[in-house]
Engineer: 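The structure under discussion is supplied below as structure tokens; questions concerning it will follow.
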Amino acid sequence: MTSKKKINKKDIAKLLSEWSQEFTVFVPWRDEGVAKWAKWDGKDASFLDWYRNTIVPPKAIFLPPVEGMFSFQKGKEGYHIELPPSDRRKELIFGIRPCDAKALAILDMIFSDTYEDPYYLARRKNGVLVGLGCVNPYDSRFCTSLGSSPTDSTNVDLMLTDVGDELLVEVITDKGKELMTKTSLAQAATQADEARARGEREVAYNKVTRQLDTKDIEKKLLANFDNKDYWEKIAAKCISCGICTFLCPTCYCFDINDELIKNQGERFKSWDSCAFPLYTKMPMENPRAEKWRRLRQKVCHKYEFYPINFDVIACTGCGRCIRLCPVNWDITQTLDSLPTKEKVKLEK
Ligand code: SF4
Ligand code: SF4
């Protein structure tokens, strides 16, 4: 289902006000120099001028860094448990980039697998994604090597493409169709608008110059799994800060803890990272005490284990881990430098 409209950029604030009647609207926001997602303030749509992508990905809306699961109270007859209110408002993410929408689709797979996560899934069910094509992608981005593009509309409900003073609007899903019935600000797009959008998409695609050869990547990683020399070299400069995992839109590891004061408390989950030495600590051993094992886990999880389980590489090529790593560790260099046939026999 695809039908096209357009909306003037000057009307975006009005549009967001209309949608705010029903949804909690999130937009890109600058907070002390850091671009992240925030509830719209009801006025400012200037993000359209400066926004390239947020540092903190939109997974933080669906999988908050810290989230209460339930509170509990210990009484004479055992524990009384109270769940958080379930009548949450619907959330609308305005301007999500295609790579981050794809990341949510990747997270959906794990959170709806054997152990469903009701907290994440409830938010996703109620959420609406309004995508905005990425016309000025960062140099670190390599989404086109992973089957996507800066204007990929696959995982959003509505897709917007910047065509100068206006945004071309494509309805992608039923949710997107319903959203467009809640506004009268859009007009029918002309063939000239559509031709312009096609041109912008091509320009944006060609701006992604970083490439990664993913052919046989799972086999190469499997063949190098025990290549300690290689992984030690790759991990040498990593300082195990965890930034690349916290800010990766497809990383989802979390810890669960109880906070207890006398007889009452709260159980909460919080982001965790396989980059931390304590992450896999168990009473008798720690299978990833050494840094190279942890970095290997991160790379193999995304490019080997996830494809085996879900048939998709759990990396969108958003480039955050490259752009934001304090020691310039680069996942594309890591994968490009995997020893191949000369040193390692690939499976036939
Ligand atoms: S961001 Fe860089 S230094 Fe920090 S854990 Fe990741 S690879 Fe290591
Ligand atoms: S591994 Fe890096 S490039 Fe891939 S999705 Fe995560 S942050 Fe983005």
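The shown structure was predicted, so the numbers you read here are calculated from the model rather than taken from an experiment. Counting starts at 1 for both ligands and their atoms, following the listed order.
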Engineer: May I ask you to identify the nearest protein heavy atom to atom 8 (Fe) of ligand 2, giving residue, atom name and distance to one decimal place in Å?
Structural biologist: Cys318 SG, 2.4 Å
Engineer: What residue and atom, counting heavy atoms only, is the protein's closest point to atom 2 (Fe) of ligand 1, and at what distance?
Structural biologist: Cys325 SG, 2.3 Å
Engineer: State whether Cys238 contributes an N/O/S atom found under 2.8 Å from atom 8 (Fe) of ligand 1.
Structural biologist: yes
Engineer: Just which atoms of ligand 1 are under 4.0 Å from any heavy atom in Gly242?
Structural biologist: 4 (Fe), 5 (S)
Engineer: Answer yes or no: are there more than 12 heavy-atom neighbours, outside Asp258 itself, under 6.0 Å from its atom CG?
Structural biologist: yes
Engineer: Where the closest heavy atom to atom 5 (S) of ligand 2 is concerned, which of Thr332, Thr316, Ile322 has it?
Structural biologist: Thr316
Engineer: What atoms of ligand 1 come within less than 4.0 Å of a heavy atom belonging to Val327?
Structural biologist: 3 (S)
Engineer: For Phe225, is the NZ or CZ atom of Arg296 found under 6.0 angstrom from the centre of its six-membered ring and inside 45 degrees of the ring axis?
Structural biologist: yes
Engineer: Looking at Lys59 and Cys248, would you say the former's side chain and the latter's main chain have a donor-acceptor pair under 3.5 Å?
Structural biologist: yes
Engineer: Return the residue, atom name and 0.1 Å-rounded distance of the protein heavy atom closest to atom 6 (Fe) of ligand 2.
Structural biologist: Cys248 SG, 2.4 Å
Engineer: Looking only at protein heavy atoms, which one is nearest to atom 3 (S) of ligand 1, and what is the separation?
Structural biologist: Ile239 N, 3.3 Å
Engineer: Do you see an N/O/S atom of Cys321, backbone or side chain, under 2.8 Å from atom 4 (Fe) of ligand 2?
Structural biologist: no
Engineer: Run through Thr144, Asp330, Asp139 and flag the one making a side chain to side chain donor-acceptor pair (under 3.5 Å) with Arg210.
Structural biologist: Asp330
Engineer: Can you sort out which atoms of ligand 2 are near Gly319, meaning under 4.0 Å from one of its heavy atoms?
Structural biologist: 3 (S), 8 (Fe)
Engineer: Give me the residue, atom name and distance of the protein heavy atom closest to atom 4 (Fe) of ligand 1.
Structural biologist: Cys241 SG, 2.3 Å
Engineer: What are the two closest heavy atoms between Trp37 and Ile93, and how far apart are they?
Structural biologist: CZ3-CG2, 3.6 Å
Engineer: Anything under 30° is parallel, anything over 60° is perpendicular, the rest tilted; go ahead and classify Tyr252 against His301.
Structural biologist: perpendicular
